[in-house]
Each structure stands twice: as structure tokens, then as C-alpha cells.
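Notes follow the structure.
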Amino acid sequence: MISVKNLTKDYTKADGNHIRVIEGLNYEIEKGEKIVIVGPSGSGKRTFLRCLNLLERPTAGQIFFDGEEITAKGTDINKVRQRMGMVFQNFNLFNNLTVMQNLTLAPVKLKVMNEKEAREKATELLKRVNLLDKADVYPASLSGGQKQRIAIVRSLCMNPEMMLFDEPTSALDPEMVGEVLDVMKQLAEDGMTMVVVTHEMGFAREVATKVLFMDEGILLEENTPEEFFEHPKTKRLQDFLSKVL
Amino acid sequence: MTISERFAAAFITGERWKLYISGLGITLEIALFAGILGIIIGTVAALMKLSTTEDGKPTILNYIASVYVDVIRGTPSVLQLLIMWFIVMASSNNGILVASLSFGINSGAYVSEIVRGGILAVDKGQMEAGRSLGLSKAKTMRYIVLPQAMKNVIPPLGNEFITLVKETAIVGYVSLSDLTRVANQIASRTYDAFMPLIGAAVIYFIVIKILTILLGKLERRMRRSDLR
Ligand SMILES: Nc1ncnc2c1ncn2[C@@H]1O[C@H](COP(=O)(O)OP(=O)(O)OP(=O)(O)O)[C@@H](O)[C@H]1O
Ligand SMILES: [Mg+2]
């Protein structure tokens, strides 16, 4: 479904120097897979994720989505993003809109659905995450866990074929992490293709089809959760796991 | 002359008070037209200044907007007014129109900085969230970022308008009888500068005070609606 070829990303720093954040990364993601990316801080996990929907422009390399090269010049990136939802660490709900408006804005403005269909879809999804009673409130009055569940639902309203998660529980109070992970697990069970950057090793173990270890911009190790956690091959991963487990 | 005679000469004789009122009318008329024009020009200039290509490179629009802001901020507004009156719009003898245009263009440069700041103060995540759903930059700007920027810019825009009311005091240069010029004319006719000039100052002060209080009310109302 997604094929990443030789992905490289440099950032230009304020002083004009370049730093390489991702170096020659290759990876294939099949439909229905749940990929969890872990690694030390600053290893480029987030940057990799954001390259997948081109919120960051790769410096070099190619990304294919269902066979279409989305890194090619002239690709309609908005069309691609409609099929690829993203959930952010800081929720990023639209502050000036009610929950219902947050959910229906994109499907309606992008003419994926009419207003009525969008509201029906939103209502059904809000029911699934037990937040239907919040339909008419503004994001400011929601808890972090509620915000993130709404943010997930907002992406789902577009009927995406896959979902990207950028540390979806990192900004939450500990007691709210569970409710968000539960929604993600439900989504995984429903067969959604997912790519998740997280520090939740329990989630990786339980849900991932593959766990990826990134270190200093390199995809250093990749395996099934059992092998990944029980038999880490590289010294770097062994050190990393001994620190986080 | 006694104080009351001087007062009468400045304000009552020949119904002079009417002149101050019509002067104030001209002052406010120019400020209002210029204010509206300034908001329109300023918003467009701010969007131009913030425009980038999909891969984040500046565009020619950036450059045009920057030159506009630089030129306006780098030259005296009296000179801008005179240039508009004697050169650019020399064929027009509608002073109010010329003054409104000149001040509108002038104010637009300052407004563009205000609006740009208001847009930049909106969390970057809002734009990213819109884009991640497949909305274009323009749509996200229109439905998400600009409405939030509005809240940030209303207080400084109010201040800009208040400044504008005072700055129009130079329109006498293009023969408009605004409040300042009226007071000045009466001063030279009555050989008494004190009463008309202080009188005009008091009128400006009261008008500005009222505007400031209204703006404060508006700000408080907006802050309350933030807590919804
Ligand atoms: N916009 C940017 N400009 C310059 N450097 C950046 C930018 N974004 C990220 N970086 C740098 O790129 C490197 C990788 O960042 P990235 O956010 O991808 O790491 P990460 O693996 O997600 O880390 P963490 O677990 O701390 O979130 C870091 O050194 C970071 O400082
Ligand atoms: Mg990160």
C-alpha cells in the first residue's frame, strides 16, 4: 500500500547548515498492517511519519501510495491526504468550530459527502467513542483524552484508507492514555492500516504487526513484536529496550 | 477681553460651533473610509506576505507586499498625502476621496503587519490539521486560521483606527476643513489661538476616549466568549 524508497530528509537550520534527519530509508507497508515506530528522542520517527503524507517534503527518495508516486512533481497532494488521516500529539482540533463542525468541515468542503451525510457519519462515529453528548461544544471545554478521541474521529469522517498517529498519547495525563489507546485498538481490530509513532511499548506489543526501531535517522531494526522485544539483534536496540521497558 | 467674551468669539459668534462639528464630521469620515480601506489592503498584503509555494519557498507576491510596506513606512504620511493630491490624483478635486485613499493606503501597511502577526499567532497545528485532512491551504486559511486570527487582531486594529483619527489632522494640507483646520482658521480670524485650539484638542480627546472605552468593551466581550 505504501512503499518508501531511499527516503532522505535534511533540515536547514537557522544558521543555514543542513542536518540529515533521515538517511536512505526503505520500507514497504501492506494493506491492513499496523506499523509501530519506536526509537530514542530525535531519531527521526516523527519526521518519517510526516513525510508519508508530505507534511514534510523529502529531500530525496520516493514514496508510493497504491502504486502512485506521491513525491512526483504535479501530484495532487490534497487528494492523497484525503485518503490518509493523521492524528497529532497536540490534537489540533479546530478551536473556532464546535465538535460537530470539526468533524464535518473537511468532508463537506471537499464534497466527499453532503452536509446531511456528514452529520450522520459524524454522529455514528461520536457514538462509537461515547462522545455524542459533546457534539455541540467547543474543543476548549474538552479534556485531553476527549480531544484526542474527537481528533481520531475527525480523521475517520473522511473514510481514510490508512491512519498516521504522531505520539497520540504523549500530551495526555496518564489516566487518559487508556481511553485513547482503546479507540486505536478498536480501529486496528476493524482492519485499518495504521502507522503509529509512540512510546507506549505495551501498545506496540499488543497491536503491531511490525515494530520499527529508528536510530539517528536510520531504520536500524524491524521485526514482529515478539522477536523485536524478546530477541533484539542490535546493541542499540538492546540498550534502548533496557531503558524503556 | 474677558474669558467669556473669548469663549463666545471662538464658539458662539456666527454659530462657529457648527464649524467644529462639520470639521469633526470630515475628520471621522476620512478616518472611517481610510480604516475600512486599510483593513482590506492590509489583509491582502498580509496574505501576500505569508504566501509560499507548496514547498515553502517565497513568491513574487511576498516581494511586492514587502516593498509596499517598506515604502509606506519609510516616507512621511504628509508627503504621501501631497503626492496623492498633487500628482497621483491631480485630476480629482474630491479632497475627501483623495485623503481617504491616501490614509487607507498608509494604514494598510500598518494593518498588514497587525494581520500578519495575528495569523502567525494562530497555532501552526491548526493549518497542519486542515492540510492533513486534504483541505487546501486557501480553504484552511479561510475556515480555520483567519477566523482565529480575527480575535487576535481586533484589539490592535482598534488602536490603529484611533491613531488614524488623530493622524487625519494633516488633511488641511489639501484644503480640507477638518477639525484641526477649522480650529486654526477660527484662531486666525479671532486673533485668539487659545480657545479654538484647546477646544479642538478637547473634542479630539473626548472622541478618542469614547472610542477607547468602546474598544475595551469589545475586547472584554471577546475574552468572555473565549471561555465558552
Ligand atoms: N522543522 C525542523 N527544523 C530543523 N530541525 C528539525 C525540525 N524538525 C525536527 N528537527 C530535528 O530533526 C531531528 C529529528 O526530529 P524528529 O521529531 O523526527 O524526532 P523524533 O524521533 O520524533 O523524536 P522525539 O521522540 O523526541 O519526538 C531532531 O534532531 C530535531 O531537532
Ligand atoms: Mg517526536
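Because the structure is a prediction, the values reported are computed rather than measured. Chain identifiers are assigned alphabetically (A, B, ...) following the order of the sequence lines, protein sequences preceding nucleic acid strands; residue numbering begins at 1 within each chain.
Looking at A:F94, both its backbone and its side chain come within 4.5 Å of chain B, counting heavy atoms on both sides. Proximity to chain B involves both the backbone and the side chain of A:M86, based on heavy atoms less than 4.5 angstrom apart. Only the backbone of A:L93 comes within contact range of chain B, with at least one heavy atom under 4.5 Å from a heavy atom of that chain.
The shortest non-hydrogen separation linking B:S132 to A:N53 is CB-ND2, 4.1 Å. Of all the heavy atoms in B:R131 and A:R81, the pair that sits closest is O-CD, 2.9 Å.
Separation of atoms CG (A:N95) and CD (B:Q148) is listed at 4.5 Å; rounding is to 0.5 Å. Here OG of B:S136 is found 8.0 Å from CG of A:L110. Values are rounded to the nearest 0.5 Å. Between the CG atom of A:N90 and the CD atom of B:Q126 there is a distance of 10.5 Å, given to the nearest 0.5 Å.
Summarising the local packing, CE of B:M150 is surrounded by 12 or fewer heavy atoms from other residues, nucleotides or ligands at distances under 6.0 Å. The neighbour count for A:R128 CZ, taken as heavy atoms of other residues, nucleotides or ligands under 6.0 Å away, does not exceed 12. Annotation for B:Y63: atom OH does not count as buried by contact number, only 12 or fewer foreign heavy atoms lying within 6.0 Å. Heavy-atom neighbours of A:F64 CZ from other residues, nucleotides or ligands within 6.0 Å: above the threshold of 12. Counting heavy atoms of neighbouring residues, nucleotides and ligands inside a 6.0 Å radius, atom CZ of B:F33 does not exceed 12 of them. Dense packing is recorded around NZ of A:K185, with more than 12 heavy atoms of other residues, nucleotides or ligands lying under 6.0 Å away.
Side-chain contact between B:L135 and A:L105 is present, with at least one heavy-atom pair separated by less than 4.5 Å.
For the side-chain contact (heavy atoms from CB on, under 4.5 Å) with B:L133, the lone residue among A:M84, A:R154, A:K109 that qualifies is A:R154.
Proximity of a side-chain donor or acceptor of A:N96 to a complementary backbone N or O of B:A149 within less than 3.5 Å is not detected.
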